[in-house]
Each structure stands twice: as structure tokens, then as C-alpha cells.
Amino acid sequence: MSRPRVRFAPSPTGYLHVGGARTALFNWLYARHEGGIFVLRIEDTDLERSSDEMVAGILDGMKWLGLDWDEGPEVGGAHGPYFQSERLDRYRDAAERLVASGHAYYCYCNPDEIKAKREAAEREGKTWSYDRTCANLAPEDVAARERAGQPRAIRFRMPEGRTSYDDVVHGTIEFDNAVIEDFVVLRSDRQPTYHLSVVVDDIDMAITDVVRGDDHISNTPKQVLLYQAFGARVPRFAHVPLILGPDKRRLSKRHGATSVMEYERQGFLPEAMFNFLALLGWSPGDDRELFTREELVAAFTLDGIASSNAVFNPEKLEWFNQQHLARLSGDEITSRIEPVLREMGAWDDELRGARREWFHQVIELLKPRAKKIRDLAEQGRYFFIDPDGYEEAAVKKHLSAPGLSPQLAAWGEALAAVEPFTPAAIEAALRASAESQGIKAAALIHATRIAVTGQGVSPSVFDVVALVGRERTVARLAKLREALSGGATL
RNA sequence: GUCCCCAUCGUCCAGAGGCCCAGGACGUGGCCCUUUCAAGGCCAAAACACGGGUUCGAAUCCCGUUGGGGACGCCA
């Protein structure tokens with residue numbers, strides 16, 4: 001098969017939403033798998049709703065996910081321009097060509113009257129479609145209206161018969177043309193409608209495969225007819241299922257986060273989002289779930305696309321994030337966590353230098369407990385900064401035993417002499433200290449954890465102590481004893 | 001209202017006539033590991049919407065019902 005050309009054509013709403021991202025992802029994956037071309041086109045026909053910032057919002061989302069485009073904004077290409085707002089002349093010419101060839105006609109009807117009729121019908125629970133008043137106007141009528149300077153739209157003349165096309169995911173889909181009215185292709189203000197602009201653009205951009213949302217299925221016959229009217233080759237269509245919210249309704253703002261950048265803000269990894277989205281409505285045909293970007297490119301084919309809608313499951317996204325996080329190397333995590341640590345005032349350039357090995361060990365310890373990069377920083381704060389207080393519930397639960405302070409003093413002394421300062425040696429020393437004092441090791445374990453981390457929860461206290469280091473641990477134990485005797489800081 | 005699409009565990013998927021009294025994953029419950037919390041391992045509960053066909057045989061094919069979604073604009 002020769003190189004396919006596919007496209008993603010969002011309208012600039014200011015952000016890339018999850019559904020759009022998934023559609024873009026499928027297109028990208030397909031292009032990359034087949035060695036084809038991925039085109040990005042901005043459908044900014046609606047000038048009032050478009051701006052540079054809005055376009056930037058979309059591009060940011062694409063870039064974050066790593067969906068690079070071969071032709072489009074910022075990179076150009078031989079089939080541009082890639083903004084519909086710069087292509088208006090093309091649409092006007094195309095519409096006039098349709099009139100000339102008899103596939104369309106001028107319509108002088110008043111939009112307000114049409115709207116009124118439509119609404120009246122709707123109130124009775126019926127449908128009203130355009131009555132073709134202008135479909136067969138006599139030449140002199142047309143001339144008269146033109147002379148009067150009446151505004152005119154251009155309508156497509158629906159032929160008799162049926163229109164069908166082969167959908168890659170749904171098979172053959174057929175419509176009776178009678179259910180489709182003579183739709184407007186060019187408005188009276190000379191602006192094209194969606195159907196005209198997509199078709200003209202897809203022809204101009206030599207798009208071979210249209211991969212888009214299910215919601216376009218019923219639009220497709222209109223577009224197929226337009227291709228035919230233009231004498232162009234009809235592309236292959238693949239309509240992918242929609243992404244639904246938990247209430248099974250189309251995903252929208254009221255379902256919470258729908259912008260992919262919102263997930264970035266929440267600390268999700270782009271590779272996790274990528275993996276998760278790829279599996280919403282597509283499957284490799286077996287039970288594999290964890291994929292890298294490269295593995296997905298290798299595995300992706302259009303026939304793995306499902307035909308039924310999918311519900312967005314945030315819990316599974318979290319799981320993917322955790323899995324991808326666990327697979328990140330120490331250096332990869334370092335570069336992503338740096339901004340978070342800076343924000344906390346816990347960053348030190350040495351973490352990349354002299355303390356790099358140490359830092360990687362800290363990360364390994366924290367990793368299995370973290371779902372997000374931010375968790376790593378927040379849950380491991382005590383590795384970088386002395387705790388400034390003790391978690392109340394933990395104190396209540398583990399520090400109320402009488403005589404704890406002298407016991408901690410003895411343990412502190414023993415710890416100061418542990419050699420080598422490894423988790424195993426530290427554990428042995430702690431157990432020995434507990435035994436010689438006739439108390440449970442657990443008492444010292446919990447107290448040490450609180451002293452060193454300020455928290456009731458942490459990785460194995462022996463690992464933590466080994467990494468926090470002898471000096472800081474001894475100091476923190478002493479500080480806890482102070483607090484115990486003072487009582488106030490607890 | 002008309003037209004179109006869809007229908008396997010709560011959710012995401014596997015299953016393209018016998019391999020299925022249906023498999024994996026998330027989530028849920030339990031156990032192991034661990035004197036914390038996770039991670040990990042093991043186990044469990046959990047689905048072929050319903051009714052008719054076709055066939056020796058149907059989750060898989062056909063028809064209908066029901067349910068869900070989408071489209072019907074001088075919006076995209």
C-alpha cells in the first residue's frame with residue numbers, strides 16, 4: 001500500500017480535549033505505522049471563536065503527547081495553507097464550480113423564515129427539510145433577484161437514490177438520499193459550511209484516509225456526494241467510537257477534566273496518557289496493555305479499532321501512570337521532578353552531580369508508592385528537608401508509651417556506632433537495642449520513622465535511615481526526644 | 001419525529017461457529033510478603049441484554065425487541 005496521508009482537523013477551542021486527542025493519536029499512529037504523512041489542519045472558519053492563543057492551546061496538547069505533524073502550522077508543507085481562514089477563496093471557487101456544473105444552486109430564501117418553519121415543525125415533533133423553493137427557479141426569476149441585490153446562499157442539489165460507502169470499522173453504510181435535504185455549502189455571507197470546507201481541504205491535501213469520530217457517520221454521505229460532484233476520489237473512512245463520561249454520555253466539561261493539558265497539570269505522564277488513550281477503542285488483538293510509544297506504532301492497525309463507544313476510566317489512567325512512572329529511569333525522573341523540588345525549596349544541583357547515585361536510590365525507594373511525579377517529592381520531602389512537625393495520628397498511636405525517650409537515647413547511641421551504615425546493619429542494631437532494653441523492636445521502629453520522616457507512613461525505616469544518613473538520623477532522634485520531653489511541639 | 005451506529009464482568013479490552021460452564025486488565029474483597037504504607041505474588045466475586053431463527057454445534061451468522069449513543073442548522 002502506498003503512503004497514506006491522514007489528517008487531524010480540530011477547530012481551535014483553546015484546548016485539546018480527550019476525545020480529540022484520541023482521534024489525533026489514532027491518525028498519528030496510523031501514519032507512523034504505515035510510513036505515511038500526518039497533516040494538522042486548523043478549522044478556524046468561525047473567526048470570532050478563533051485566535052492565536054486558542055490555536056496554541058491545541059498545539060500544546062499535541063506536543064505534550066508527542067504527536068508531531070509532518071505538514072501544518074509551524075512546519076508548513078506543500079498542500080497549504082493549513083488554516084481554513086486562509087483558504088476561503090478556495091471554498092468560494094469550489095461552490096461556484098458546483099453551481100456551474102449543476103450540482104448546486106443559488107438559494108434566495110430568507111434564513112429566518114426557514115428557521116421559523118423548522119422550529120414550528122419541531123414543536124409538533126416533526127422534521128422539516130428545505131422545500132427546494134429555489135431549486136428550479138426560472139432564469140428570469142434569478143435575474144430579478146440578482147438585480148434586487150438579494151443575498152444568496154448556495155445549496156447542494158441532492159440527487160435521487162442512495163449513497164453508500166465502506167467504513168473501515170463499520171463496514172458498508174448506506175443512506176437513502178431522501179433523508180438528506182439540499183444542504184447549504186456556502187452561506188449568504190460567502191462563508192463555507194463545514195461540509196464544503198472539509199471536502200475541499202481533504203481533496204487539496206490529498207488525504208487518503210479519514211479517521212475521525214463516530215459522530216460524523218451521518219455527515220459522511222453528504223461529503224461522499226460532494227467528492228463525487230467534484231469528480232474527486234473518495235477517501236477511505238474509518239469512524240472511531242466516541243469516548244463517553246461515566247454517565248455514558250458524551251464526554252464534556254461537566255465530567256471534570258477533559259483537556260489533556262489539565263492532566264499534565266495534575267501530574268500525569270504523557271506516555272501514560274498516550275498508552276491509555278490508545279487502548280480506548282483500540283486493541284492489539286491480544287491481552288497486552290503496557291506499551292511504549294514505539295511499541296504502539298509497531299502494533300497499530302485500523303482493524304483493531306472497536307465499534308462500540310468507550311467510557312473514560314480515570315482510575316485506569318492512574319494505574320497506567322503508576323506503571324509508566326515505575327519504568328522511568330532515575331535520570332528521567334530527575335529532570336521531571338526538578339521543577340517540583342525547586343518549588344518546595346528542596347532542589348540542589350548536586351542531585352545531578354555528586355549526589356546523583358544517592359538521589360537515584362531515594363527515587364527507587366519512593367517509586368512503588370507513587371502514582372505521580374509530585375507524589376515522589378511530597379512523600380519523600382524528609383530526604384531533603386528536616387521534618388518541621390510530626391503527624392498527629394502517628395504520634396498518638398506510637399509515641400504514647402512511657403519511658404520512650406530514654407529508650408530512644410540508647411538506640412541513638414547504638415545507631416551512631418553502626419558500621420557499615422547499611423539497612424541490614426541498621427536493622428540488626430535496632431533489634432539488638434530493643435532486645436537489650438527489653439522492649440519490642442516495633443516501638444523503636446515506629447518512633448524512628450516518626451523522628452526521621454515526621455510521618456506515620458514511609459518506605460522501610462531501615463532503608464530510609466540508611467539513605468537519610470547517620471548524622472541526620474541521630475539529630476532527628478534527638479529532636480524528637482526534645483519534643484517528647486517538652487510535650488508542646490507534639 | 002426521521003435516519004444512522006452500537007450491544008461480553010461496574011469499567012476498558014480479548015473472543016472473527018466447536019479451543020469458552022468465556023480470557024486479560026482496572027477497580028472491589030481475601031490471603032502471602034511486610035511490626036508502617038505501597039509495590040509484588042496468589043486467590044475470589046463479577047459478563048455473552050432479551051426473543052426467535054440458521055446449524056450436528058452459536059458470545060460468534062440472520063431477523064426482531066429492548067436499551068444506549070450519534071446525526072438531522074446559512075455550527076464545526
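These figures come from a predicted structure and were not determined experimentally. Side-chain atoms are counted along with the backbone in the values below, which use heavy atoms only and exclude waters and symmetry mates.
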By nearest atom, which of the nucleotides B/C13, B/A25, B/A76 is closest to the A/Q84 side chain?
B/A76
OP1 or OP2 of B/U35 under 4.0 Å from side-chain N/O of A/R449:
no
Return the value, rounded to whole Å, for the distance between atom CG of A/L242 and atom P of B/A76.
19 Å
Short question: side chain of A/K248, backbone of A/N309 - any donor-acceptor pair under 3.5 Å?
no
Is the distance from OP1 or OP2 of B/C74 to the nearest side-chain N or O of A/R152 less than 4.0 Å?
no
Could you tell me the separation between the CD atom of A/E364 and the P atom of B/G40, rounded to a whole number of Å?
14 Å
Has A/R288 got a side-chain N or O lying under 4.0 Å from the OP1 or OP2 atom of B/G23?
no
State plainly whether the residues A/R187 and A/D189 are in salt-bridge range, i.e. N to O under 4.0 Å.
no
What is the separation between atom CZ on A/R212 and atom C1' on B/A71, rounded to the nearest whole Å?
12 Å
Parallel, tilted or perpendicular for A/Y263 and A/F312, by the 30°/60° rule?
tilted
B/C13 phosphate, OP1 or OP2: any side-chain N/O from A/K316 under 4.0 angstrom?
no
Rounding to an integer number of angstrom, what distance separates B/G57 and B/C21 when you compare their C1' atoms?
15 Å
Is there a side-chain contact between A/L25 and A/M273 in this structure, where contact means two heavy atoms from C-beta onward sitting under 4.5 Å apart?
no
Do A/K222 and A/F183 meet the cation-pi criteria used here (NZ or CZ under 6.0 Å from the six-membered ring centre, within 45° of the axis)?
yes
Is any side-chain nitrogen or oxygen of A/R249 closer than 4.0 Å to OP1 or OP2 of B/G68?
no
Once you apply a heavy-atom cut-off of 4.0 Å, does A/S460 come out as touching a base, just sugar-phosphate, or nothing?
base
Distance between P atoms of B/G52 and B/U60 (Å, rounded)
14 Å
So what does A/S308 touch, heavy atoms closer than 4.0 Å: a base, only the sugar-phosphate, or nothing?
sugar-phosphate
Students often mix this up, so state it plainly: with edges at 30° and 60°, are the rings of A/F237 and A/H239 parallel, tilted or perpendicular?
parallel
cation_pi(A/R22, A/F26) dist<6.0 Å, angle<=45:
yes
Please find out if less than 6.0 Å separates the ring center of A/H398 from that of A/Y390.
no
Just to confirm, is there a sub-4.0 Å distance from OP1 or OP2 of B/A76 to any side-chain nitrogen or oxygen of A/R187?
yes
Considering only heavy side-chain atoms of A/E43, the closest of B/U35, B/U2, B/A76 is B/A76
Any side-chain N or O of A/Q323 below 4.0 angstrom from OP1/OP2 of B/G40?
yes
Starting from C1' on B/C75, measure out to NE2 on A/H195 and report it in whole angstrom.
10 Å
Is the distance from OP1 or OP2 of B/A7 to the nearest side-chain N or O of A/S307 less than 4.0 Å?
yes
Sugar-phosphate, base or nothing in reach of A/I445, heavy atoms under 4.0 Å:
base
Looking at B/C74, does its base get a donor-acceptor pair with the side chain of A/S188 below 3.5 Å?
yes
For A/F175 and B/C3, what is the distance between atoms CZ and P respectively, to the nearest whole Å?
11 Å
Between A/L98, A/V99, A/V184, which is the residue that forms a side-chain contact (heavy atoms from CB on, under 4.5 Å) with A/R155?
A/V184
Could you give the distance separating B/G68 and B/C9 at their P atoms, to the nearest angstrom?
16 Å
Would you say B/C74 has OP1 or OP2 under 4.0 Å from some side-chain N or O of A/R118?
yes
A/H239 atom NE2 is separated from B/A71 atom C1', nearest whole Å, by 11 Å
Nearest-nucleotide wise, let me know which of A/G285 and A/E427 is further upstream toward the 5' end of RNA chain B.
A/G285
Find the partner of B/G51: check Watson-Crick (N1-N3 plus N6-O4 or O6-N4) and G-U wobble (N1-O2, O6-N3) distances, both under 3.5 Å, and reply none if neither fits.
B/C63
So, with a heavy-atom separation below 4.0 Å from RNA chain B, the residues of residues 216-225 of chain A are A/H216, A/I217, A/S218, A/N219
Whole-Å gap separating P (B/A71) and CG (A/N177):
21 Å
